[in-house]
Amino acid sequence: MIPVGNSSGLTCFMYECSKICFGFGVRPDILDPTIVKVSYPVFQTGFWYVSVFSLNTLTWSRLQDFQLSRPSLRLKRKSQAVIGRFIYWAGTEKLVSPKGVPYKDYTLVSFDMVTRQFHIIEITSLLKVVTPTPFTVCELGNSVVISGMIMTSEVTLFTGWVLDVDGTSITRFSNLFCIPTPMAQQFVSLGIEGNARSFYIAPHKESLLLINHSDRALYSIPGVLEGVESWSNH
């Protein structure tokens, strides 16, 4: 709860929502399946609250502040890689340039399952200029792969980079692929209107669906699939 004002002796509070990110890996030295639960405020910068669950001991342990990352850093929940003793995520941080212009910086974040310590892995300037943003993280053998889209004036590129990472820094990187992808010539409005977070669109049985009812009913959007198939055949 965050106090937002007071009047006539009454204090008003705003409920503070938390964003939760989970990580999972097996600690290699003792073969201990480990769950990492990271929680932090959604709407403002705030301190991390991290708990670690050990399957061998069946206990949760809260990490101390010195083991955590910067409070302003946020993790991409759907992007994770596990290599050896480390769990890796894509990380973002809202910063302000010397000219006062806000921007978002992208980096890698690792968690050491042995020492239970978070590390911020800075992306070098040479790699940053060719890194897609935002990017996703996965593993390939003993290396981390970051991939994503790079928009140019003529073509959209889907690129991937292989990173050799020791848990705290990038020691080597190389390009894995760079694939040009078709660009649509124009956007067609589907005529969908609604309040933010009142619905979402997701693929289901090769069609797009609009889901916004408590009965979990599925509503298809006529003509969308045909348009996608027509575009993909060009």
Side-chain angles (χ1 to χ4, degrees), residues 19-29 31-40 48 50-55 63 68-70 72-94 104-152 155-183 200-204 206 232:
K19 184 175 182 180
I20 299 176
C21 176
F22 285 95
F24 174 77
V26 179
R27 178 174 167 173
D29 56 341
L31 298 180
D32 183 13
T34 301
I35 299 173
V36 183
K37 179 184 177 183
V38 182
S39 177
Y40 39 67
W48 288 26
V50 181
S51 299
V52 178
F53 181 79
S54 166
L55 190 61
L63 300 189
L68 307 181
S69 180
R70 289 195 295 263
S72 56
L73 205 66
R74 295 294 180 259
L75 303 178
K76 191 171 182 178
R77 291 182 292 181
K78 297 181 180 180
S79 182
Q80 175 185 303
V82 181
I83 301 174
R85 59 194 281 180
F86 294 97
I87 303 175
Y88 297 93
W89 292 272
T92 63
E93 190 172 18
K94 294 181 179 179
K104 184 178 289 187
D105 188 45
Y106 294 84
T107 187
L108 284 175
V109 180
S110 69
F111 175 74
D112 189 333
M113 289 181 283
V114 176
T115 64
R116 296 189 172 184
Q117 181 84 36
F118 280 90
H119 300 278
I120 300 173
I121 304 173
E122 303 293 346
I123 298 177
T124 62
S125 57
L126 183 61
L127 176 59
K128 185 167 290 188
V129 296
V130 293
T131 298
T133 54
F135 58 80
T136 59
V137 173
C138 64
E139 67 264 13
L140 179 63
N142 292 322
S143 300
V144 174
V145 174
I146 60 175
S147 60
M149 307 296 292
I150 295 180
M151 306 292 293
T152 70
V155 67
T156 301
L157 302 175
F158 181 55
T159 64
W161 291 83
V162 179
L163 313 180
D164 290 341
V165 187
D166 60 8
T168 59
S169 62
I170 299 172
T171 59
R172 182 177 176 273
F173 64 88
S174 60
N175 183 249
L176 181 61
F177 56 81
C178 184
I179 304 173
T181 62
M183 294 182 65
Y200 68 93
I201 297 176
H204 180 72
E206 299 183 351
S232 63

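Side-chain atoms of Phe135 and Leu108, non-hydrogen and from C-beta on, do get closer than 4.5 Å to each other.
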Applying side chain to side chain donor-acceptor pair (under 3.5 Å) to Asp166 and Thr168, what does each step give before you reach the verdict? CA-CA 6 Å; Asp166 60 8; Thr168 59; 3.2 Å; yes
side-chain contact (heavy atoms from CB on, under 4.5 Å) between Thr107 and Leu73: does it pass, once the steps are laid out? CA-CA 9 Å; Thr107 187; Leu73 205 66; 4.1 Å; yes
Check against side-chain contact (heavy atoms from CB on, under 4.5 Å), Val165 and Ile83: CA-CA 9 Å; Val165 187; Ile83 301 174; over 6 Å; no
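Here the rule is side chain to side chain contact (heavy atoms under 4.5 Å, CB included) with Ser147, and of Thr131, Leu176, Thr136 only Thr136 fits it. The side chain to side chain contact (heavy atoms under 4.5 Å, CB included) with Phe111 is formed by just one residue from the set Arg85, Arg116, His119; it is Arg116. Screening Lys104, Arg74, Arg70 for a side chain to side chain donor-acceptor pair (under 3.5 Å) involving Glu93 leaves a single residue, Arg70. Tested against Trp161, the residues Val145, Ile123, Val144, Ile146 include a single side chain to side chain contact (heavy atoms under 4.5 Å, CB included) partner, Ile146.
A donor-acceptor pair under 3.5 Å links the side-chain atoms of Ser110 to the main chain of Gly167, judged by distance alone. Judged by distance alone, with hydrogens and angles left aside, the side-chain atoms of Thr159 form no donor-acceptor pair with the main-chain N or O of Cys178 at under 3.5 Å.
Using bins of under 30°, 30° to 60° and over 60° for the plane-to-plane angle, the ring pair Trp48/Tyr40 lands in the tilted bin.
Within 6.0 Å of NZ on Lys37 lie no more than 12 heavy atoms contributed by other residues, nucleotides or ligands. Residue Lys128 qualifies as enclosed at atom NZ: its count of foreign heavy atoms under 6.0 Å is above 12. No more than 12 heavy atoms of other residues, nucleotides or ligands shown are found within 6.0 angstrom of CG on Asn142.
Taking every heavy atom of both residues into account, Trp89 and Phe22 meet most closely at NE1-O, 3.8 Å. The two residues Tyr88 and Ile121 have their closest heavy-atom pair at CE2-CD1, 3.6 Å. Across all their heavy atoms, Gly23 and Ile87 have their closest contact at C-CD1, 4.3 Å. Across every non-hydrogen atom of Cys138 and Ala81, the tightest pair is C-CB, 3.6 Å. Here the shortest heavy-atom pairing between Val36 and Phe118 reads CG1-CZ, 4.1 Å. Gly148 and Phe158 get closest at one heavy-atom pair: O-CD1, 3.4 Å.
In this view, Asp32 satisfies the salt bridge (charged side-chain N to carboxylate O under 4.0 Å, His left out) rule with no residue, not counting sequence neighbours.
Put simply, OG1 on Thr171 and CG on Asp164 are 4.5 Å apart, with the number rounded to the nearest 0.5 Å. With values rounded to the nearest 0.5 angstrom, Ile20 atom CD1 is found 12.5 Å from Leu75 atom CG. In this structure, CG on Leu127 lies 10.0 Å from OG on Ser174, to the nearest 0.5 angstrom.
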